[in-house]
Amino acid sequence: MAHIIHLKTFQNESGILSVFENIFDGNIKEINILVQKNKLVKTLAPFQKLKLQRGLIALNGTCVIHTKEEFFLEKPQDCLLLKSDDFFDILTYSEDCILVLIIKAPKN
């Protein structure tokens, strides 16, 4: 079941650094940064039914993700973890929304 975890985060005058290297048991397959104003839903379509664990982070802006419940992403230290059987939809997102999609490598 999908849930939000809080990433280890470091902040100084230069900005914020959130660490997501250990969010999955195993390796990360790929990291996608999605910046598609007004096309974010279409851009995410291939990843929605992917049968791998995924993580979503709103690096900038906000968005509402619906799985079996709704999740509001607005901070770069909040990561929505999706299990391999979780389908998701983006209900709304701000025009300045930048999403990071992290995909777990399949087990060999």
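Please read all numbers here as calculations on a predicted model, not as lab measurements.
One distance of note links CG of L81 with NZ of K83; it measures 7.0 Å at 0.5 Å rounding. Interatomic distance, F87 CZ to H66 NE2, rounded to the nearest 0.5 Å: 9.5 Å. Taken to the nearest 0.5 Å, the CG atom of L91 stands 5.0 Å off from the CD atom of E70. Here the NE2-CG distance, from H3 to D86, works out to 10.0 Å after rounding to the nearest 0.5 Å. Going from atom CG of D85 over to atom CG of L52 covers 11.5 Å, rounded to the nearest 0.5 Å.
Scanning both residues, I4 and F72, for their nearest heavy atoms gives CD1-O, 4.2 Å. The heavy-atom pair separating A2 from L82 by the smallest distance is CB-CD2, 3.8 Å. Taking both residues in full, the closest heavy atoms of C63 and C97 are given as CB-SG, 4.1 Å, listed atom of the first, atom of the second, then distance.
Using a distance-only test at 3.5 Å, with no hydrogens or angles considered, a donor-acceptor pair links the side chain of N60 to the main chain of D96.
Taking the side chain as every heavy atom from C-beta outward, L56 and R54 never approach each other to under 4.5 Å. Counting only heavy atoms from C-beta outward, the side chains of L101 and L99 never approach each other to under 4.5 Å.
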Show me the side-chain donor-acceptor pairs of residues 6-15 shorter than 3.5 Å, one per line, residues at least two apart or across chains.
{"residue": "H6", "atom": "ND1", "partner": "D78", "partner atom": "OD1", "Å": "2.7"}
{"residue": "T9", "atom": "OG1", "partner": "L7", "partner atom": "O", "Å": "2.9"}
{"residue": "T9", "atom": "OG1", "partner": "S18", "partner atom": "OG", "Å": "3.3"}
{"residue": "N12", "atom": "OD1", "partner": "S14", "partner atom": "N", "Å": "2.7"}
{"residue": "N12", "atom": "OD1", "partner": "G15", "partner atom": "N", "Å": "3.4"}

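The side chain to side chain donor-acceptor pair (under 3.5 Å) test applied to T62 returns no partner, not counting sequence neighbours. K104 pairs by the side chain to side chain donor-acceptor pair (under 3.5 Å) definition with Q53, not counting sequence neighbours.
I23 is not connected to M1 by any chain of hydrophobic side-chain contacts under 4.5 Å among Ile, Leu, Val, Met, Phe, Trp and Tyr, and they are in different clusters. Cluster annotation: L59 and L17 are assigned to distinct hydrophobic clusters (Ile/Leu/Val/Met/Phe/Trp/Tyr, side-chain heavy-atom contacts under 4.5 Å, transitive). Hydrophobic clustering of Ile, Leu, Val, Met, Phe, Trp and Tyr side chains at less than 4.5 Å, counting indirect connections, keeps V100 apart from V19.
A side chain to side chain contact (heavy atoms under 4.5 Å, CB included) with L73 is found for one member of I90, I65, V64 and no other, namely I65.
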